[in-house]
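Comments concern the structure below.
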Amino acid sequence: MGSDMADKTLFEKIADREIPADIVYEDDTCLAFRDINPQAPVHILVVPRKPIPSLDDLEMEDEILVGHLFIAAKQIAQQEGLTGGYRTVFNCGEDAVQTVPHIHLHLLGGRKLTWPPG
Ligand code: 5GP
């Protein structure tokens, strides 16, 4: 069952062009746009069109979808010229400070990233 207008997540609204965003990549399965509060020179969110709330909500049927997000991230990293490397992150739940309940893969790069993250 599709979600109605009131149920749409923030990222569904971005996908539907109801909220503006700097979209850098799009296909039938996902879209990617620049984070509004970037933590690195390149900080892009790769978001499936399917509004899965979090990593915890993934089902076996989402196996290909998750792989697709990583392939898209790799392509976007190339597009952004991240030849020195980059990081991909799924925040899941409160302890990881997930703030938007629509699963998204962070793609961060363009500077030397520290480890461990905060
Ligand atoms: P989370 O903390 O859930 O892993 O990441 C959510 C991310 O979405 C944050 O990095 C935050 O800056 C970003 N974000 C929140 N609202 C918006 C928005 O309206 N537009 C864009 N482009 N990014 C957003």
Side-chain angles (χ1 to χ4, degrees):
M1 202 169 79
S3 51
D4 65 26
M5 292 289 281
D7 291 328
K8 274 189 188 178
T9 70
L10 172 64
F11 291 165
E12 282 179 286
K13 289 178 186 167
I14 287 177
D16 291 345
R17 287 3 188 225
E18 290 165 23
I19 292 175
D22 186 358
I23 296 171
V24 297
Y25 175 90
E26 198 165 16
D27 62 31
D28 288 347
T29 306
C30 70
L31 75 158
F33 47 87
R34 296 191 195 280
D35 197 293
I36 205 168
N37 182 23
Q39 302 302 309
V42 175
H43 186 175
I44 289 166
L45 305 174
V46 186
V47 182
R49 294 186 188 280
K50 183 178 176 184
I52 301 163
S54 83
L55 210 67
D56 267 344
D57 301 293
L58 287 175
E59 307 279 358
M60 277 312 292
E61 68 180 30
D62 300 316
E63 196 175 7
I64 290 171
L65 182 150
V66 173
H68 187 96
L69 299 183
F70 282 104
I71 298 290
K74 183 200 80 167
Q75 287 174 1
I76 297 160
Q78 286 170 355
Q79 192 177 298
E80 294 288 320
L82 299 178
T83 52
Y86 53 89
R87 184 173 294 163
T88 54
V89 178
F90 280 113
N91 290 324
C92 179
E94 234 178 274
D95 280 357
V97 200
Q98 181 182 357
T99 56
V100 178
H102 182 151
I103 196 168
H104 48 283
L105 184 62
H106 293 258
L107 168 65
L108 297 138
R111 68 169 168 85
K112 188 85 176 173
L113 300 166
T114 55
W115 190 266

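Numbers here are sequence positions counted from 1. In each ligand, atom 1 is the first atom listed, and ligand 1 is the first ligand listed.
Between F11 and H102, the ring planes lie tilted relative to each other; the angle falls in the 30° to 60° range.
Looking at T9 and V100, their side chains never come closer than 4.5 Å, going by heavy atoms from C-beta outward.
Annotation: side-chain hydrogen bond (donor to acceptor under 3.5 Å, both in side chains) contacts involving residues 78-89, sequence neighbours excluded, comprise R34-E80.
Near F33, the atoms of ligand 1 lying under 4.0 angstrom from a non-hydrogen atom of the residue are 22 (N). The ligand atoms of ligand 1 that sit less than 4.0 angstrom from a heavy atom of N37 are 12 (O). Taking every non-hydrogen atom of H106 and a distance limit under 4.0 Å, the qualifying atoms of ligand 1 come out as 1 (P), 4 (O), 5 (O), 10 (O). Atoms of ligand 1 found under 4.0 Å from any heavy atom of I14, numbered from 1 in the order shown, are 20 (N).
Only one option out of L108, I76, I23 pairs with I44 in a side chain to side chain contact (heavy atoms under 4.5 Å, CB included); it is I76.
Of all protein heavy atoms, the one closest to atom 16 (N) of ligand 1 is L10 CD2, 3.4 Å. Distance from atom 22 (N) of ligand 1 to its nearest protein heavy atom, with residue and atom name: R34 O, 2.9 Å. Distance from atom 3 (O) of ligand 1 to its nearest protein heavy atom, with residue and atom name: T99 N, 2.7 Å. In terms of protein heavy-atom proximity, atom 8 (O) of ligand 1 is closest to L45 CD1, 3.5 Å. With respect to atom 12 (O) of ligand 1, the closest heavy atom belonging to the protein is D35 OD1, 2.5 Å. Of all protein heavy atoms, the one lying nearest to atom 23 (N) of ligand 1 is I36 N, 3.2 Å. Closest to atom 5 (O) of ligand 1 among all protein heavy atoms lies H104 NE2, 2.9 Å.
Interatomic distance, CD1 of I52 versus NE2 of H104, reported as 13.0 Å (0.5 Å rounding). We find the CG-CG distance between L65 and L58 to be 8.0 Å, quoted to the nearest 0.5 Å. Expressed to the nearest 0.5 Å, how far CZ of F70 lies from CG of L107 amounts to 10.5 Å. The CD atom of E18 sits 3.5 Å away from the NZ atom of K8 when rounded to the nearest 0.5 Å.
Counting heavy atoms closer than 4.0 Å to ligand 1, residue V97 contributes backbone atoms (N, CA, C, O) but none from C-beta onward. Contact annotation for F11 and ligand 1: only side-chain heavy atoms (C-beta onward) come within less than 4.0 Å of the ligand.
Not a single heavy atom of D22 sits less than 4.0 Å from an atom of ligand 1. The shortest separation from a heavy atom of Q39 to ligand 1 is not under 4.0 Å, leaving the residue out of contact.
By the criterion of side-chain heavy atoms lying less than 4.5 angstrom apart, applied directly or through intervening Ile, Leu, Val, Met, Phe, Trp or Tyr residues, F90 is not grouped with L10; the two fall into different hydrophobic clusters.
A salt bridge is absent between E59 and K50; no separation between the charged side-chain nitrogens and carboxylate oxygens falls under 4.0 Å.
Considering backbone and side-chain N/O atoms, H43 never comes within less than 3.5 Å of an N/O atom of ligand 1. In terms of N/O distances under 3.5 Å, ligand 1 is not approached by I19.
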